[in-house]
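Below: one structure, written as structure tokens.
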Amino acid sequence: MSGGLAHRWDLSAAAAIALQKSLAGQVERADRLGPGGRRAIRHVAGVDVAFEEGGAITRAAVVVLRRADLVTVESAVARRPTRFPYVPGLLSFCEVPAILAALTALSQRPDLLLCDGQGLAHPRRFGLACHLGLLADLPAIGVAKSRLIGAHAEPGPAKGDWAPLMAPGKTGGRMMRIGAVLRSRAGVKPLYISIGHRVSLRTALAFTLRGTTRYRLPEAIRRADKLSKGGAPG
DNA sequence: GCGACAG
DNA sequence: ATCTTGTCGC
């Protein structure tokens with residue numbers, strides 16, 4: 001169930017960084033959504049992980065929601081030994097192996113992935129959402145609860161208000177927009193939204209908002225978070 | 001050299 | 001992320 005790209009995971013930090021640099025150029029920043037690649041989104045999947053045994057085991061959960069009414073239609077969990085430590089900037093090497101295992105357990109592939117982490121808003125423009133989207137060959141959005149890099153103004157107080165997340169370009173020094181800081185609900189800390197793969201920032205913001213109802217996080221991620229921590233599937 | 005640092 | 005009591009807000 002992957003898109004042809006695959007690579008080894010037993011890497012040193014230096015090798016992991018080199019791999020990120022070599023794959024970053026393959027990330028697609030424009031919309032290419034839906035079944036097959038260019039149609040309406042029917043099912044969105046929230047992805048999250050939790051750790052057991054003091055971090056020795058990574059438990060990944062994926063919950064698939066019907067886009068029309070946000071009803072959960074399927075879910076899967078996968079446990080794998082944690083083979084890479086958490087290092088800021090290298091999070092995907094710690095979590096993606098277990099997440100790919102959970103995705104493989106699904107009976108049907110979702111049309112979009114909502115990931116708990118950054119996408120392009122990353123030191124090498126290759127956060128978890130980019131890495132996962134590329135390997136799973138699926139559109140992906142990065143939805144992080146806190147900042148990794150970049151500067152921004154405080155977004156307005158109303159749901160939907162947002163401010164651009166800016167960072168110096170890779171080569172030169174001009175400030176570039178790498179994502180957005182979104183008020184997903186009034187009265188809560190904003191979320192950091194960025195492109196993962198095959199989704200424009202505009203679309204990423206729209207989907208995050210549409211899927212956010214009672215909580216700070218979109219329903220898909222909220223349910224995946226609960227499931228990864230041991231909650232019941234439905 | 002000194003902070004900052006997704007989960 | 002994870003370890004945890006009392007406390008604040010709606």
Side-chain angles (χ1 to χ4, degrees), chain A residues 9 13-14 16-17 19-21 23-24 27 45-63 77-103 113-135 140-152 157 159 165-168 178-182 184-197 199 201 204 208 213-218 220-231:
Chain A
W9 296 96
I17 289 175
L19 180 58
Q20 292 182 319
K21 292 179 179 175
L23 295 179
V27 173
V47 175
D48 195 16
V49 310
F51 296 94
E52 303 174 355
E53 322 255 330
I57 300 295
T58 299
R59 179 183 161 112
V62 52
V63 178
V77 174
R79 296 171 74 256
R80 288 289 186 283
T82 305
R83 302 189 187 189
F84 201 96
Y86 167 68
V87 177
L90 298 178
L91 174 66
S92 62
F93 291 89
C94 172
E95 304 188 346
V96 170
I99 295 174
L100 287 177
L103 283 175
L113 261 30
L114 295 198
C115 312
D116 184 21
Q118 310 287 354
L120 290 180
H122 174 279
R124 291 167 288 283
R125 304 296 184 269
F126 198 70
L128 170 65
C130 299
H131 203 159
L132 183 59
L134 211 52
L135 297 192
I141 296 172
V143 181
K145 295 182 295 298
S146 63
R147 188 194 68 92
L148 175 57
I149 64 165
H152 64 86
K159 175 174 181 174
L165 179 62
M166 311 293 287
I178 60 174
V181 187
L182 173 72
S184 57
R185 275 196 74 198
V188 301
K189 286 294 164 189
L191 294 177
Y192 291 75
I193 310 301
S194 58
I195 290 173
H197 188 49
V199 184
L201 181 59
T208 301
T213 58
R214 323 173 45 188
Y215 307 96
R216 178 192 178 208
L217 292 170
I221 293 182
R222 185 75 190 185
R223 292 175 200 173
D225 171 71
K226 181 180 178 183
L227 182 56
S228 73
K229 289 178 171 57

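Sequence lines set the chain letters: A, B, ... in the order given, protein chains first and strands last, and positions in each chain run from 1.
For the pair A/Arg147 and A/Tyr192, the cation-pi test (distance below 6.0 Å, angle within 45°) is failed.
Using a 4.5 Å heavy-atom cutoff, the side chains of A/Ile141 and A/Ile195 are not in contact. In this structure, A/Val62 and A/Ile99 have side chains that are not in contact, with every pair of non-hydrogen atoms separated by 4.5 Å or more.
Listed by first then second residue, pairs satisfying side chain to side chain donor-acceptor pair (under 3.5 Å) with a partner in residues 80-94 of chain A read A/Thr58-A/Thr82, A/Ser92-A/His131, not counting sequence neighbours.
With sequence neighbours left out, the side-chain contact (heavy atoms from CB on, under 4.5 Å) criterion links A/Leu113 to A/Ala45, A/Val47, A/Leu103, A/Pro110, A/Cys115, A/Leu132, A/Ala136, A/Leu138, A/Ala140. In this structure, the side chain to side chain donor-acceptor pair (under 3.5 Å) partners of A/Arg124, at least two apart in sequence or on a different chain, are A/Gln20. Remark: A/Val27 pairs with A/Leu120, A/Phe126, A/Cys130, A/His197 by the side-chain contact (heavy atoms from CB on, under 4.5 Å) rule, at least two apart or across chains. For the ring pair (Phe, Tyr, Trp, His ring centres under 6.0 Å) test, no residue two or more places apart in sequence or in another chain qualifies with A/Phe51. Partners of A/Thr213 under the side-chain contact (heavy atoms from CB on, under 4.5 Å) rule, at least two apart in sequence or in another chain, are A/Leu70, A/Glu219. Checked against side chain to side chain donor-acceptor pair (under 3.5 Å), A/Lys145 has the following partners two or more places apart in sequence or in another chain: A/Asp116.
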### Task
Report the C-alpha distance between A/Arg79 and A/Glu52 in whole Å, list the side-chain angles of each, state the deciding distance to 0.1 Å, and finish with yes or no for side-chain contact (heavy atoms from CB on, under 4.5 Å).
CA-CA 9 Å; A/Arg79 296 171 74 256; A/Glu52 303 174 355; 2.6 Å; yes
### Test log, rule side-chain contact (heavy atoms from CB on, under 4.5 Å), inputs A/Ile149 and A/Arg125
CA-CA 10 Å; A/Ile149 64 165; A/Arg125 304 296 184 269; 3.7 Å; yes
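In this structure, A/Ile99 reaches neither bases nor backbone, as no heavy-atom distance under 4.0 Å exists between it and the strands shown. Counting any heavy atom pair closer than 4.0 Å across all strands shown, A/Glu95 reaches sugar-phosphate atoms only and no base atom. A/Gly142 comes within 4.0 angstrom of nothing in the nucleic acid, heavy atoms only.
Nucleotides of DNA chain C lying under 4.0 Å from heavy atoms of chain A occupy a range whose first and last members, 5' to 3', are C/dA1 to C/dT2. Heavy-atom contacts of chain A under 4.0 Å fall on DNA chain B between two terminal nucleotides, which in 5' to 3' order are B/dA4 to B/dG7.
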### Dot-bracket summary - DNA chain C, pairs being Watson-Crick or G-U whose distances fall under 3.5 Å, with | when paired to another strand
..........
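The local environment of NZ in A/Lys159 is crowded, with over 12 non-hydrogen atoms from other residues, nucleotides or ligands closer than 6.0 Å. Within 6.0 Å of NZ on A/Lys189 lie no more than 12 heavy atoms contributed by other residues, nucleotides or ligands.
Taking both residues in full, the closest heavy atoms of A/Pro97 and A/Trp9 are given as CG-CD2, 3.7 Å, listed atom of the first, atom of the second, then distance.
A heavy atom lying under 4.0 Å from DNA chain B marks the following residues of residues 47-55 of chain A, by number: A/Asp48.
Both key distances under 3.5 Å define a Watson-Crick or G-U pair, and DNA chain B has no stretch of 3 or more such consecutive pairs.
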